[in-house]
Amino acid sequence: MSFITDPLVYYPISGILWFWHKIFAFLGGLLPWVQSPDSSGVIWALSVIFLVVTLRVILFWPAAKQIRFSRKMQEMQPKMKALQKRYKNDREKLAMETRKLQKQEGFNPVLGCLPMFIQIPVFLGLFHVLRSFNRMGEAFGQLGMTAEETRNTGNYVFNADEVQSFLDARLFGAPLSSFISQAEEQFQAFVEPGMAIDFERWHIWVVAIPLMIISAVTTHLNARISLSRQSAEAAANPQAKIMNQLMLWAFPIGILVTGAFWPLAILVYMVTNNLWTLGQQYFLFEQMAKEDNEAALERRAYQESLAPKVGVKPVNPKKGRGTGARGAVAVAPATEGAV
């Protein structure tokens, strides 16, 4: 699969990260207090943050379509259940009426699911690229390299020198590629061959734990905001209840449990991604609420336009089309003095 993922996912993502690192390293070089901007942990962290921002901007439209798709599904549920009840013994008729309803409502399930399938490979690719700066481990995507091989192996668009600058980067004393459960023999990749290790494991704990907590909390908040838009009928579904509990509690707890195996750069990515999602959900839900209010005002204005004017006697047009005994059209006489 590398012949597909490399050109379509890994190289583009690493290219965006490379671009932002060059931008921030250049700007950092203009500041006298920034030492070695190419291997600055803050500059590399900013590069990761803006990589996430760039990808989320690109994926904003698919994400918006996904939210609208979920909302449309909820709106159609009562009609879908009515069809299922009416044609419960005729699957062919049910399928035909379901397609007819989807067409009437402008609902396309294929296009609705497409945004999710676009986002999944992008975020998996981002995870892979960030983790691939250090390939000393035996996990998936890591090649069990020695420290020297790791420091002298490129990472997609990054050459060996740029990989070394990432490995040398420190965020509050901890390497960006390090993680809490990492074996100590892998620490050698973070310094020049033969040099002494310039950090201790507690440095990783100090940076990783706050990032893990923030990531878990923001994951919970995102789930709570998303579920707040769920209809009462949908929330009452037994399967939906299980999934809701997973989103609210299992996923955040999972971050706290598995965070010990994630490099700091991945945790920076998680926090940035979750904060972006919080802002994006707020913006999109506010936009949809505004659209709902405008639609309600339009319906109200239309209904008011059909209502009889004050002081004018309503006329039923059906009563005015009757025929007299001789076949002549009977016309209701005007009432004198009517306003």
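Side-chain atoms are counted along with the backbone in the values below, which use heavy atoms only and exclude waters and symmetry mates.
Remark: F123 pairs with no residue by the ring-ring contact (aromatic ring centres under 6.0 Å, His included) rule, at least two apart or across chains. With sequence neighbours left out, H203 forms a ring-ring contact (aromatic ring centres under 6.0 Å, His included) with no residue at all.
For E149 (side chain) and T146 (main-chain N/O), a donor-acceptor pair under 3.5 Å exists by modelled atom type. A distance-only check finds no donor-acceptor pair linking the side chain of H220 to the backbone of W249 [under 3.5 Å]. The backbone N or O of A223 sits nowhere less than 3.5 Å from a side-chain atom of S226 that would complete a donor-acceptor pair. Between the E148 side chain and the P193 main chain, no donor and acceptor come within less than 3.5 Å of each other. A donor-acceptor pair under 3.5 Å links the side-chain atoms of S165 to the main chain of E162, judged by distance alone. With R151 contributing its side chain and A189 its backbone, the two residues share a donor-acceptor pair below 3.5 Å. At least one donor-acceptor pair closer than 3.5 Å links the side chain of R135 to the backbone N or O of S132. Side-chain atoms of N273 do not come within 3.5 Å of backbone N or O of Y269 as any donor-acceptor pair. Within the 3.5 Å criterion, the main-chain N or O of G15 finds no donor-acceptor partner in the side chain of W20. Between the side chain of N159 and the main chain of G154, no donor-acceptor pair closer than 3.5 Å is present.
M288 has its side chain within reach of R68: a pair of non-hydrogen atoms, C-beta onward, lies under 4.5 Å apart. Two residues are said to be in side-chain contact when any heavy atoms from C-beta on lie closer than 4.5 Å; M76 and Q102 meet this criterion. A 4.5 Å side-chain heavy-atom check between L264 and P175 finds every atom pair outside the cut-off. When side chains are defined from C-beta on, F133 does not count as touching L176, because their heavy atoms never get closer than 4.5 Å. Put simply, the side chain of L130 reaches to within 4.5 Å of the side chain of L126, judged on heavy atoms. Proximity of T5 to H128: side-chain heavy atoms (C-beta onward) are nowhere separated by under 4.5 Å. Side chains of W18 and Y156 form no contact here, defined as non-hydrogen atoms less than 4.5 Å apart. R201 has its side chain within reach of E184: a pair of non-hydrogen atoms, C-beta onward, lies under 4.5 Å apart.
L171 and W202 fall into different hydrophobic clusters, where Ile, Leu, Val, Met, Phe, Trp and Tyr side chains are chained together by heavy-atom contacts under 4.5 Å. When the side chains of ILVMFWY residues are joined at heavy-atom separations under 4.5 Å, either directly or via intervening members, Y302 and L297 end up in two distinct hydrophobic clusters. Side-chain heavy atoms closer than 4.5 Å link hydrophobic residues (I, L, V, M, F, W, Y) into clusters, and following such links, possibly through other members, connects L278 to I67. By the rule that hydrophobic residues join a cluster once side-chain heavy atoms approach within less than 4.5 Å of another member, V217 and M247 end up as members of separate clusters. Both I209 and M270 are part of a single hydrophobic cluster, where members link through side-chain heavy atoms under 4.5 Å apart.
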In sequence, state the C-alpha distance, the side-chain angles, and the governing distance for Q164 and N152, and then conclude on side-chain contact (heavy atoms from CB on, under 4.5 Å).
-> CA-CA 8 Å; Q164 290 176 24; N152 289 281; 3.7 Å; yes
Going through the checks in order, is the side-chain hydrogen bond (donor to acceptor under 3.5 Å, both in side chains) test met by S39 and D168?
-> CA-CA 6 Å; S39 58; D168 293 340; 5.7 Å; no
Go through N274 and L221 one step at a time and tell me if the side-chain contact (heavy atoms from CB on, under 4.5 Å) criterion holds.
-> CA-CA 9 Å; N274 285 352; L221 291 177; over 6 Å; no
Show your reasoning for whether side-chain contact (heavy atoms from CB on, under 4.5 Å) applies to V191 and I197.
-> CA-CA 6 Å; V191 295; I197 306 299; 3.9 Å; yes
Verify side-chain contact (heavy atoms from CB on, under 4.5 Å) between I204 and F187, making sure each step is shown before the conclusion.
-> CA-CA 11 Å; I204 306 174; F187 288 179; 4.0 Å; yes
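Within a 6.0 Å sphere centred on CD of Q104, other residues, nucleotides and ligands contribute more than 12 heavy atoms. The environment of E294 atom CD is dense: over 12 non-hydrogen atoms of other residues, nucleotides or ligands sit within 6.0 angstrom. Other residues, nucleotides and ligands contribute over 12 non-hydrogen atoms within 6.0 Å of the CE atom of M96. The number of heavy atoms from other shown groups lying within 6.0 Å of CZ (F60) is above 12. More than 12 heavy atoms of other residues, nucleotides or ligands sit less than 6.0 Å from atom CH2 of W276. More than 12 non-hydrogen atoms from other residues, nucleotides or ligands lie less than 6.0 angstrom from NZ of K22.
Expressed to the nearest 0.5 Å, how far CD1 of I23 lies from CG of L46 amounts to 12.5 Å. Atom CZ of residue R86 and atom CD of residue E97 lie 7.5 Å apart, to the nearest 0.5 angstrom. Note: Q84 CD to M80 CE = 5.5 Å, rounded to the nearest 0.5 Å. Atom CZ of residue F158 and atom OG1 of residue T153 lie 15.0 Å apart, to the nearest 0.5 angstrom. Distance check, rounded to the nearest 0.5 Å: CG of D38 to NE2 of H21 gives 5.0 Å. For the atom pair CZ (F251) and CG (L246), the distance works out to 5.5 Å, reported to the nearest 0.5 Å.
Pairing each heavy atom of P37 with each of G28, the nearest pair is CB-C, 4.1 Å. Nearest approach of L267 to G259, heavy atoms of both residues: CD1-O, 4.4 Å. Taking every heavy atom of both residues into account, T219 and I255 meet most closely at OG1-CD1, 3.1 Å. Smallest separation of non-hydrogen atoms from V129 and I13: CG2-CG2, 4.2 Å.
Aromatic ring orientation, F127 versus W262: perpendicular (interplanar angle above 60°, classes split at 30° and 60°). Using cut-offs of 30° and 60° for the angle between ring planes, the F166 and W44 rings count as perpendicular.
The aromatic ring centres of F179 and F261 sit 6.0 Å or more apart. You'll find the ring centres of F50 and F19 outside the 6.0 Å limit.
Side-chain N/O atoms of S177 and N134 include no donor and acceptor closer than 3.5 Å.
Screening V48, T277, L51, V52 for a side-chain contact (heavy atoms from CB on, under 4.5 Å) with T272, the sole residue that qualifies is V52.
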